[in-house]
Amino acid sequence: MVKAENVRKSFGKLQVLKGVSLEVKQGEVVVIIGPSGSGKSTFLRCINHLESIDSGNVIFDGQPVGFKQLANGKVMPVKGKELCQLRSRIGMVFQRFNLFPHMTALGNVMEGPVTVLGKSKEEARHLAEELLAKVGLADKAESFPSQLSGGQQQRVAIARALAMKPKLMLFDEPTSALDPELVGEVLSVIKNLASEGMTMIIVTHEMGFAREVADRVVFMDEGKIIETGTPEQIFTTPRHPRTREFLSSVLRGYEKVPYPQVG
Amino acid sequence: MVKAENVRKSFGKLQVLKGVSLEVKQGEVVVIIGPSGSGKSTFLRCINHLESIDSGNVIFDGQPVGFKQLANGKVMPVKGKELCQLRSRIGMVFQRFNLFPHMTALGNVMEGPVTVLGKSKEEARHLAEELLAKVGLADKAESFPSQLSGGQQQRVAIARALAMKPKLMLFDEPTSALDPELVGEVLSVIKNLASEGMTMIIVTHEMGFAREVADRVVFMDEGKIIETGTPEQIFTTPRHPRTREFLSSVLRGYEKVPYPQVG
Amino acid sequence: MQLGPLDINFILQILPNLLLGAVMTIKLTFFAIVFGTLIGLFVALAKISGIKILRWLGGLYTWVIRGVPLLLQLMFLYYGLAFAGIVLEEFTVAVIGLSVCGGAYIAEIIRAGILSIDKGQMEAALSMGMTYSQAMRRVILPQAYRRLLPPMGNEFITLMKDSALVSVICMTELMRAAMLLQNATFRPVEIFVTAGLMYLMMTTVFTTIFDRLERRLAISDGD
Amino acid sequence: MQLGPLDINFILQILPNLLLGAVMTIKLTFFAIVFGTLIGLFVALAKISGIKILRWLGGLYTWVIRGVPLLLQLMFLYYGLAFAGIVLEEFTVAVIGLSVCGGAYIAEIIRAGILSIDKGQMEAALSMGMTYSQAMRRVILPQAYRRLLPPMGNEFITLMKDSALVSVICMTELMRAAMLLQNATFRPVEIFVTAGLMYLMMTTVFTTIFDRLERRLAISDGD
Amino acid sequence: GSAEKEKPAATPEPAKQAEKNTWELVKEKGVLVAGLDDTFAPMGYRDEKTNELIGFDIDMAEELGKRLGVKIQWQPTQWDGVILALDSKRFDVIISGMTVTEERKKSINFSIPYINDGLVMVVKKGTTGFNTAEDLKGKVVGTQAGSSGEEALKKMQGLKETKLYKTFPDAFNDLQIGRIPVVVVDAMTAGHYLSKRPGVFEVVGEQLTKEPMAIGIRKTDVELKEAIDKAIAEMQKDGTLTRISMKWFQKDITTKAE
Ligand SMILES: Nc1ncnc2c1ncn2[C@@H]1O[C@H](COP(=O)(O)OP(=O)(O)OP(=O)(O)O)[C@@H](O)[C@H]1O
Ligand SMILES: Nc1ncnc2c1ncn2[C@@H]1O[C@H](COP(=O)(O)OP(=O)(O)OP(=O)(O)O)[C@@H](O)[C@H]1O
Ligand SMILES: [Mg+2]
Ligand SMILES: [Mg+2]
């Protein structure tokens, strides 16, 4: 489904991604964990080319994303239309929701199908209502984002991404801007998606959730993938000392305040 | 020390204080509790005339504050100079600290003595350093508020109020804008003040703290004082049903997350 | 009829002429607003675009226009261009001058408005597959719009008042109508007081409309 | 010597006259800034004061001044007042006109700056026993100051450019110096280009100074 | 005044001499565009009620147009920049009570004069001490920027200051206010404003100059000048000019045929 090969990315002098390679299969749920500043968000943003990459390849659904590396090692940009077309098949959910504040919940969800896919308003409305119902917000269709709680906003954001019928969903810490009591409702929506077979890459600090939903857990640190494995393996018998160190520091917090039960 | 007699105050049509009377003796610590919107803050602000009162009397140290009621029931304003002089002897600490962001911690504490009391910079600096040390911030004298944590800012605010050598201190929810782990350091400073015999009126939602520090607890609701008593009496055997209701709703939260141990 | 130092009959006599001038003032202001806003929008987009030369050109434009008095710009357009063989009509010069000048200020207003929109909005729009221009039209500009209203209202009033300057290129708007009348009648007091009141009325009507618009938008937006 | 359409020798010939005009422009701008800021400060304080009549007067002032073109105001001050028996010198009229006009805009800027300061700051200052004016001087204005810098910088540049309008009352500043030269020599191109560049230089120097000031303040403030 | 040496004005090369000359073009269109200062009463100004252009020049040009077989189209212009505007072809001729001066002759051509006028001194009624040009010395003297008055004053020595106004009414206003003691203006303009505020001003002393007024024409438009000269000469002979003069000035101040 998506394949990153030796992706490198610098901001000025700071190299944030130092050659990241990752392949995600159809239907697979990959959770990326790692300390702050390790490049998790940047990597996610490279996958749908919100950031351009300096070298390497990102292949989505057989097509290069944003830039393709030529035989001579040079990279060439992929053109605008093509890029938009690609992006429309990758859903992304941001930490800070980024709902469009001047549209209702329904308007937010309809926006992509109408503007990008050129669907009729009628059709888009049907789809949007369906999706809002699916994330449990059928009754909030006419509310503006400012009238919704954080958890509700994030669920609208998920519905908005799903409205494009994406083949891959990217989640960047979808619950870290939420009050603790609102985390559960969002995680439960994501868990349902996983159970329906959606391919997903999720960056999260919710270790309990990672354990429960991930097919594979990837630990990143300082711009590199340090270790990959099943949740059991990573959480119970991490091989790399840095992974152990990270997990022990995170889980200490985790044991004290368990993540809210979902589903 | 301070005596409020039948204080009434309206904002437009909304009567916020419906005849509040309270006397606080020298060295006494009075804690005011009550639901949101019950007029606690407004009452506190009436005491140093940040709000004018519609009728009634506030007497501080034998002098009327802001307005005095004449024999015929009319109220007359107390003049500017006199008012400032009065206010300078009442320290107030706000929920949102309200430090002066363009001055260092030291500058904040020196400001009152220099500008209001006309002390020399030299003298004010000595006093300020002493007070910062007392609230545990001797090393932060040269920091600007934006460089301090919330708890540190609140302690500077307390030092700033103390620098005026007030006879009465008013605290309006001094910890409610703080992250939970920072609450303790501020409460411990207030407890020390209490043990030194400072007269104080404290509005707070920290019931554990109220219990520990108060000589007398006042329960306000809908602009009236409903019940007054020792902490033991109020917290264990509240007489009024509204007090019971309020405490039971608050203490449910309180028992789950105990207020941080201080001292 | 006399009102203080003002002869009301005389005022009634000159009113038609002044009104004619006021109509021209409104016409000029209208065109200046329309074209100025268009120019401003494009220049603002140029200044935040990824293309260096566009950014540079936009910067040059706003720098020069905002650094030189409008009076001088009008002179340049009227005489300078004519010498270069481009002879423009007064009305054209007036509209171009006011629009180009207004455009520079409006560009800065729009740019600030766009930049004030959270970066995440653009990212969310792009990640849905929108093109840059779709994202601008559907997501960024509608949000910027409301924040733009107050400074735009001010700028429009400035344009209305600046239109008085085109009297130097012999456009007979309100200001020049007043001057012509004073030439013919030699009675400055009534003329200038009336003209001043007319300006005040026009700018006040404008302000009121903008205030209303702002309030209406505030309500329709759900917060 | 020829540079495109520009005759450099001729430019050198007219430069002294233009420079004289520019000096007058700077002088006018300087006075307008000083008095305009003073007026603006007092009017702003009046408009936020508790005294109704002061608020009303302040409102009237900003409404009228911002609603009427400066050109008209200058005419009024120069001829209108004189007919009422108050005969003022050109320079005085120019300075008063520019200050009074600038003052109205500066008042709005200062008022917005003061209102943008958290209400808690005033309360904290008052609760310490400061008087209202002490609180303003020690707490509110120093904080408003930094936020005022960018709009004030813009306003000052506007004043510099508006000083071109005093040419209607026969003050020979840069704009009128250019017009007079043009009248004497009939060579607009060199004259207006040179004058334009001089304005651009002056406004740019101004902008630069303000940018520096802003950055210096940002550093010295600990955040 | 400025001291720099006057150079001949930078008259732009006409697009191509081989093309039709201005007179041919004017005939072809049937329209002669005339620039005027529409604040210059009583030569050409706007009626305060109808806003129509009226004045001596308007009537005279109407007759001129008839004789040339063209319509006159008026183009108001700022007097400060009138020669500039003519040179930049904003209009074909200047018909605006333009005084023939040596300075102007350097830049443009003039038709044969149609009015004899001259500069006079105007003061507030009752002011004494202005009899000859000598009396202007040491005084602040007002006139309109770009007027023949300015040119004449430039040549005089010893003035305290020449104050240049955008329009003559401004200068007269200042005279009444008392900011300046004297305004130098041509006799017939003076006549107009004196009649508008009777009893406030008076013309004093000797006429300073004899100044013929003529139509301003670009130096290159020789054919146009010929045609206009011929028409003016006709109007001199058949009394048309005299008639118009009587209407506007109640006396005949027109030039006579040679
Ligand atoms: N646009 C940018 N310009 C400059 N530096 C950036 C930019 N975006 C990210 N960085 C830097 O790149 C590094 C990696 O950032 P990234 O956001 O990918 O980390 P992360 O793993 O997502 O961290 P977190 O868990 O805090 O979100 C950080 O040091 C960050 O400061
Ligand atoms: N300046 C004001 N103008 C209008 N209404 C006000 C004002 N200040 C307070 N109120 C209203 O007065 C009532 C009491 O407010 P107050 O702040 O005293 O309550 P409180 O007991 O301190 O509540 P909380 O625990 O939320 O701080 C509230 O309904 C509030 O909305
Ligand atoms: Mg991140
Ligand atoms: Mg409160």
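In the text below, chain A, chain B and the rest are named by the order of the sequence lines, each starting its count at 1.
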Most contacts with chain C, counted as non-hydrogen pairs under 4.5 angstrom, among D:Leu174, D:Leu165, D:Val168: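 Winner by heavy-atom pair count: D:Leu165.
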Close side-chain approach of D:Val68 and C:Leu197, heavy atoms under 4.5 Å: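 When only atoms from C-beta onward are counted, C:Leu197 and D:Val68 do not touch, as no gap falls below 4.5 Å.
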Within 6.0 angstrom of D:Phe91 CZ, more than 12 heavy atoms from elsewhere: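 Enclosed.
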CZ/C:Phe42: more than 12 non-hydrogen atoms of other groups inside 6.0 Å: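 Check fails, neighbour count at 12 or below.
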Contacting region of D:Leu72 [heavy-atom separation from chain C under 4.5 Å]: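 Both the backbone and the side chain of D:Leu72 come within 4.5 Å of chain C.
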D:Met198 versus chain C, the contacting section by heavy-atom distance below 4.5 Å: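 Neither the backbone nor the side chain of D:Met198 comes within 4.5 Å of chain C.
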Pairwise distance CG(D:Leu200) to CD1(C:Ile65) - rounded to 0.5 angstrom: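 So the gap between those two atoms works out to 9.5 Å.
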Between CE on residue D:Met175 and CE on residue C:Met75, distance to nearest 0.5 Å: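 So the gap between those two atoms works out to 4.5 Å.
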Which side chain or backbone donor-acceptor pairs connect chain C with chain D at less than 3.5 Å?
{"residue": "C:Trp63", "atom": "NE1", "partner": "D:Thr204", "partner atom": "OG1", "Å": "2.8"}
{"residue": "C:Arg66", "atom": "O", "partner": "D:Lys161", "partner atom": "NZ", "Å": "3.0"}
{"residue": "C:Gly67", "atom": "O", "partner": "D:Thr203", "partner atom": "OG1", "Å": "3.1"}
{"residue": "C:Tyr105", "atom": "OH", "partner": "D:Lys161", "partner atom": "NZ", "Å": "2.3"}
{"residue": "C:Lys161", "atom": "NZ", "partner": "D:Arg66", "partner atom": "O", "Å": "3.0"}
{"residue": "C:Lys161", "atom": "NZ", "partner": "D:Tyr105", "partner atom": "OH", "Å": "2.4"}
{"residue": "C:Thr203", "atom": "OG1", "partner": "D:Gly67", "partner atom": "O", "Å": "3.1"}
{"residue": "C:Thr204", "atom": "OG1", "partner": "D:Trp63", "partner atom": "NE1", "Å": "2.8"}

